[in-house]
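In what follows, chains carry the letters A, B, and so on, assigned in the order in which the sequence lines appear, proteins first and then strands, with residues in each chain numbered from 1.
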There are 2 protein chains.
Amino acid sequence: MLITIDLQSEIPLYLQLKTQLIKGIATGELAEGEPLPSFRQLSADLGINMLTVKKTYDQLKQEGYLTMHRQKGAVVNGQLHARMTDQYVLTLKQQLAPFITEAFCYGMKKAQFTAICNALYEELEEGKEND
Amino acid sequence: MLITIDLQSEIPLYLQLKTQLIKGIATGELAEGEPLPSFRQLSADLGINMLTVKKTYDQLKQEGYLTMHRQKGAVVNGQLHARMTDQYVLTLKQQLAPFITEAFCYGMKKAQFTAICNALYEELEEGKEND
DNA sequence: TATCTGTTATATTAGTAATATAACAGATAG
DNA sequence: CTATCTGTTATATTACTAATATAACAGATA
C-alpha cells in the first residue's frame with residue numbers, strides 16, 4: 001500500500017498516516033488479519049520518527065482498528081461494525097455540524113452537500129469490490 | 001445571542017466561539033449588518049482573554065463572515081454565498097473524507113450518514129425561517 | 001548468538017493556545 | 001476639551017502538543 005507524507009502540511013504527520021491507514025482498511029486494501037509494517041520499517045520508509053508511527057498505531061489500536069500480536073506485530077481487526085455505538089453517532093454529529101453550518105452559510109444546498117458525501121461513500125464501496 | 005464556553009473541553013476556546021458565531025450567522029440570529037459585541041465586552045462576559053476573542057474575529061473576517069467597521073466594530077457580512085468557490089468545495093471534500101471513511105469502517109450505511117447530514121441541514125433551515 | 005520486533009524512558013526543539021499587561025490612535029459622549 | 005470606549009499592536013510568560021534523537025530492555029526468530 002502506497003503511503004505519502006507531506007512534511008509541509010499543517011496536518012500532523014501521525015494524522016496523515018492515520019487517515020491513510022484507515023482508508024486502506026475501509027477499501028480492504030489492508031485486509032482483516034493482515035499485519036502492518038513494523039514501526040522501524042515504516043518510519044524508515046516514510047522518513048519520520050519511529051515514535052510518530054507508534055503514536056498512530058496506538059490510536060488505531062485504541063479505536064479498534066488494530067490488535068497487537070506477539071508474532072505478527074500490528075494486525076487489522078475484523079468486527080469493526082460492532083463499534084458503531086450511539087455515542088459514536090452522537091460524536092459524529094457534533095463533528096459534522098461545523099462543516100454543515102459553514103456550507104449552509106456559503107449557500108451550498110442540501111442536495112449538493114449530500115451529493116459530495118455520496119460520492120465519497122461510493123468511492124469506498126467501489127474500492128471494496130475490487131479485491 | 002447566548003454563547004457558552006467550556007474551559008474543560010479539548011476544543012480550543014477560539015474555535016468554540018467561532019463555531020457558535022457562525023451558527024448564529026447561519027440561522028440569522030446574527031443578521032446582516034448587525035454589529036457583534038466588542039472584544040472587551042465579549043471577553044469579559046465569557047471570562048476569557050481579549051486576544052482570544054480577537055483571534056476569533058480575525059479568522060471570521062478572513063473567511064468573509066465579518067467586516068471591521070470604524071464605528072460599529074465587527075459587522076456581519078452579506079453576500080456570503082459568493083464565497084462558495086471550487087476551491088472551497090475541494091477543501092470541504094478533503095475535510096469530510098476522513099469522517100466518511102471512519103463511518104464506513106464502522107458499518108454505517110450511506111443512507112444513515114445522509115440522514116444525519118440532512119437533519120443538521122434542516123435544523124439550520126428551520127432556524128432561518130423563525131426570524 | 002545475532003537480529004528483528006514492540007515497548008519504555010529521557011531529553012530537546014518547535015509551534016500553538018491562552019494568558020497578563022501595557023500602550024497607542026481613532027471615535028464618541030458629556 | 002476631556003474622559004472613555006473602541007480596535008490594534010507589542011512583549012512576555014505558561015502550558016500543551018507534535019516531532020525528533022537516542023538509548024535501553026525483553027520477547028520472538030532465523
Side-chain angles (χ1 to χ4, degrees), chain A residues 1 3-22 25 30 33-77 95 98, chain B residues 1 3-22 25 30 33-77 95 98:
Chain A
M1 175 183 184
I3 295 175
T4 55
I5 294 293
D6 179 6
L7 297 173
Q8 318 289 330
S9 168
E10 292 177 359
I11 302 169
L13 304 182
Y14 81 96
L15 275 187
Q16 293 183 41
L17 180 56
K18 185 179 174 185
T19 55
Q20 288 180 69
L21 289 176
I22 292 181
I25 294 172
L30 298 173
E34 185 172 324
L36 267 62
S38 71
F39 295 163
R40 285 175 175 80
Q41 185 189 326
L42 186 53
S43 61
D45 287 351
L46 298 175
I48 63 179
N49 194 275
M50 202 187 64
L51 294 186
T52 305
V53 176
K54 176 168 165 52
K55 182 172 186 176
T56 305
Y57 281 25
D58 281 346
Q59 289 200 6
L60 291 176
K61 184 172 58 173
Q62 213 216 321
E63 292 171 23
Y65 291 102
L66 302 180
T67 305
M68 295 313 300
H69 188 282
R70 269 283 168 225
Q71 292 143 340
K72 298 180 187 171
V75 174
V76 177
N77 263 346
Q95 287 171 327
Chain B
M1 175 182 183
I3 295 175
T4 56
I5 294 292
D6 179 6
L7 297 173
Q8 318 288 330
S9 168
E10 292 177 359
I11 302 170
L13 304 183
Y14 81 95
L15 275 187
Q16 293 184 41
L17 180 55
K18 186 180 173 186
T19 54
Q20 289 181 68
L21 289 176
I22 293 181
I25 294 171
L30 298 173
E34 185 173 323
L36 267 61
S38 72
F39 295 163
R40 284 174 176 81
Q41 186 190 325
L42 186 53
S43 61
D45 288 351
L46 298 176
I48 62 178
N49 193 274
M50 202 186 65
L51 294 186
T52 305
V53 177
K54 176 169 164 52
K55 183 172 186 177
T56 304
Y57 281 25
D58 281 346
Q59 290 199 6
L60 291 176
K61 184 172 60 174
Q62 214 215 319
E63 292 170 23
Y65 291 101
L66 303 180
T67 305
M68 295 312 300
H69 187 283
R70 268 285 167 222
Q71 293 144 339
K72 298 179 189 171
V75 175
V76 178
N77 263 348
Q95 287 170 325

Summarise how protein sits on nucleotides 1-17 of chain C as a single string, 5' to 3': B when a protein heavy atom is under 4.0 Å from the base, S for sugar-phosphate-only contact, - for no contact.
----BBBBB-------S
Of all the heavy-atom pairs spanning Pro35(A) and Lys72(A), show the shortest one and how long it is.
CB-O, 3.5 Å
Scan residues 37-47 of chain A for pairs that pass salt bridge (charged side-chain N to carboxylate O under 4.0 Å, His left out), counting only residues two or more places apart or in two chains.
none
Shortest non-hydrogen pair, Thr52(B) vs Ile48(B), comes out as CG2-CD1, 4.2 Å
Please report the distance, rounded to the nearest Å, between CG in Leu17(A) and P in dA19(D).
10 Å
For Gln95(A) and Pro98(A), the nearest pair of non-hydrogen atoms, with its separation, is O-CD, 3.3 Å
Taken in chain and number order and not counting sequence neighbours, the residues that satisfy side chain to side chain contact (heavy atoms under 4.5 Å, CB included) with Asp58(B) are Lys54(B), Lys61(B)
Which pairs with one or both residues in residues 3-20 of chain A pass side-chain hydrogen bond (donor to acceptor under 3.5 Å, both in side chains), sequence neighbours excluded?
Lys18(A)-Gln59(A), Lys18(A)-Glu63(A)
Whole-Å distance between dA21(D) C1' and Ile48(A) CD1?
14 Å
Can you tell which of Leu17(A), Leu13(A), Ile11(A) makes a side-chain contact (heavy atoms from CB on, under 4.5 Å) with Leu15(A)?
Ile11(A)
For residues 42-63 of chain A, the ring-ring contact (aromatic ring centres under 6.0 Å, His included) pairs (sequence neighbours left out) are Phe39(A)-Tyr57(A)
Between Thr52(A) and dT20(D), does any side-chain N or O lie under 4.0 Å from OP1 or OP2?
yes
Dot-bracket for DNA chain D, please. Rules: Watson-Crick or G-U, both distances under 3.5 Å, ( ) within the strand, [ ] when a pair crosses earlier ones, | for another strand, . otherwise.
||||||||||||||||||||||||||||||
So, OP1 or OP2 of dA18(C): does either fall under 4.0 Å of a side-chain N or O from Asn49(B)?
no
